[in-house]
2 protein chains.
Amino acid sequence: MIADPAARRDVPDATVARLPEYLRALTDLAGRGVASVSSEELATVAGVRSAKLRKDLSHLGSYGVRGVGYEVEVLAHEISRQLGLAQNWPVAIVGLGYLGHALATYSGFANRGYHVVALLDRDPEIVGQEIAGMIVGSVDDLEQVVTGHGVAIGVIATPAASAQEVCDRFVAVGVRSVLNFAPCVLSVPQGVHVRKVDLATELQILAFHEQRKTESVRESRPLLEVSP
Amino acid sequence: MIADPAARRDVPDATVARLPEYLRALTDLAGRGVASVSSEELATVAGVRSAKLRKDLSHLGSYGVRGVGYEVEVLAHEISRQLGLAQNWPVAIVGLGYLGHALATYSGFANRGYHVVALLDRDPEIVGQEIAGMIVGSVDDLEQVVTGHGVAIGVIATPAASAQEVCDRFVAVGVRSVLNFAPCVLSVPQGVHVRKVDLATELQILAFHEQRKTESVRESRPLLEVSP
DNA sequence: TACTGTGAAGCTATTCACAGCG
DNA sequence: CGCTGTGAATAGCTTCACAGTA
């Protein structure tokens, strides 16, 4: 085995997706003065099963003490490091409708390793406004802003019709990570990461399950058969 | 077979999670006057592989024509039906900070089978304001509002500290589907569905990958070779 | 022919259950 | 002893490849 703490093991995507939640849980515990937790306790706070938590953490290395548990500070620091939260990533937000506005003022960003360095919009009514202590700039200056601030992550909160164009411009000046709130698929070259969040999608998934619950109560019979 | 409410592994979760995206793609195509698509074309618009699309659709039944493709209208209708979008689910939003505001005005909801019937907040400064054509009510009236409008889905956009309490009150008056934007884990009884969206989580996942890219550039060596 | 629908194979993720260690 | 870390077992998801069909 390798002693190098920076040794890059392969961390599964499913695990990566849960690390922020573990970090959030650990931060909560630290705030309440808890110094040490078992996998069972931490799993409860994070909303997963303890076996899954232990397996996930095992991909990062061995940061627990057998018979005791995990030191909250140590583990929080390690997860932060792996997520790269020490680096204060410069973020630019394009599109300052209500959602962009919400993102710009979201304290969760500043507190967790991100630094919103630019707000851009196309609408002359919005350009020049002050939001979250920053002046909204024109999307025309996107390239200059990205280059000037070394923006690493681009957030797209525009209508769907503009999203691909904004994305292309981000990519053209070197942005390789994009968070897309517009309800459309973005096409990007290899090596660029896009994550998509669609608020309506989430509601639709809930509605699917809600409908099943309602149906099974109404019909009180299995959904098996449909005659053709 | 018995009408066991737990006996529903009909449509896999992973498939359900993609149905809204397929529907969005189909709606786009319909808007552009396209009447028929192949799985290849639809998959491209939806951002997946055609084999996955076909497998997903096969869980809903057989709505394509071999040698031809899918009729856009027919397939859109079928997915809508399965997602329960004909039912115009009544939704209540609690917490009208910027995010709640964004959700209340999000046209994606009204257009896709949801009906926001109530906005509630705790802050007397916000109660009484008009947002998206509705008057914000007091969270004190939550029970009355939920019962009166038959709210099926509760959206929580409050700070983390209030989220569990709001959730408990939703559940106590019969809400079984909750969309949680607060950065905390909600505990709910069996049979209640919670979906969580955390904006900071999404950024952290991107940052993880961004960091890996940056590291591998800095070190400029392939990820394979690790000397033991 | 050109496409869908689907078994089967391959992969990834989760859970189990216990060895290993403080 | 109690708890972590992990191989092994299981479950779930994706991809392949082609049989089946309008």
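Below, read A as the first sequence line, B as the second, and so on, with proteins coming before strands; counting in each chain starts at 1.
One atom, CG of B/Asp13, and another, P of C/dT14, lie 12 Å apart when rounded to the nearest Å. We find that OH of B/Tyr63 is positioned 17 Å from P of D/dA22, with the value rounded to whole Å. Atom CG of B/Asp56 is separated from atom P of D/dC16 by 15 Å (rounded to the nearest Å). Atom CG in A/Leu53 sits roughly 15 Å away from atom C1' in C/dA13 (whole-Å rounding). To the nearest angstrom, P of C/dC3 lies 16 Å from CG of B/Leu75. Taking atom CD of residue A/Glu40 and atom C1' of nucleotide D/dG2, one finds them 12 Å apart after rounding to whole Å. Atom CG in B/Leu60 sits about 12 Å away from atom P in C/dT6, given to the nearest Å.
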Nucleotide by nucleotide, 5' to 3', does protein get under 4.0 Å of the base (B), only the sugar-phosphate (S), or neither (-) in nucleotides 15-22 of chain C, counting heavy atoms? B-B-BBBS

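Residues satisfying the side-chain contact (heavy atoms from CB on, under 4.5 Å) test with B/Glu21, not counting sequence neighbours, are A/Val185, A/Lys196, B/Arg24, B/Ala46.
Side-chain contact between A/Glu210 and B/Arg176 is present, with at least one heavy-atom pair separated by less than 4.5 Å. Counting heavy atoms from C-beta on, the side chains of A/Val72 and A/Leu75 never come closer than 4.5 Å.
Side-chain N/O atoms of B/Ser36 and B/Glu71 include no donor and acceptor closer than 3.5 Å. For the residue pair A/Asn88 / A/Tyr114, no side-chain donor-acceptor distance below 3.5 Å is found, with atom types taken as modelled.
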Is there a side chain to side chain contact (heavy atoms under 4.5 Å, CB included) between B/Leu23 and B/His77 once you walk through the steps? CA-CA 9 Å; B/Leu23 181 56; B/His77 181 267; over 6 Å; no

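Distances from the side chain of B/Ala14 to the nucleotides C/dA13, D/dT14, C/dT6 place D/dT14 closest. Proximity note for A/Arg18 (side chain, C-beta onward) versus C/dT6, D/dT4, C/dT14: the nearest is C/dT14.
Regarding contacts with the backbone of C/dA2, every side-chain N or O of B/Tyr70 stays at 4.0 angstrom or more from both OP1 and OP2. Using a 4.0 Å cut-off, some side-chain N or O of B/Ser62 falls inside it from OP1 or OP2 of C/dG5. In this model, the phosphate group of D/dC3 is not approached by any side-chain N or O of A/Ser38 to a distance below 4.0 Å at OP1 or OP2. Within the 4.0 Å cut-off from OP1 or OP2 of C/dT4, at least one side-chain nitrogen or oxygen of B/Ser39 is found.
Side-chain atoms of B/Gln82 do not come within 3.5 Å of backbone N or O of A/Phe208 as any donor-acceptor pair.
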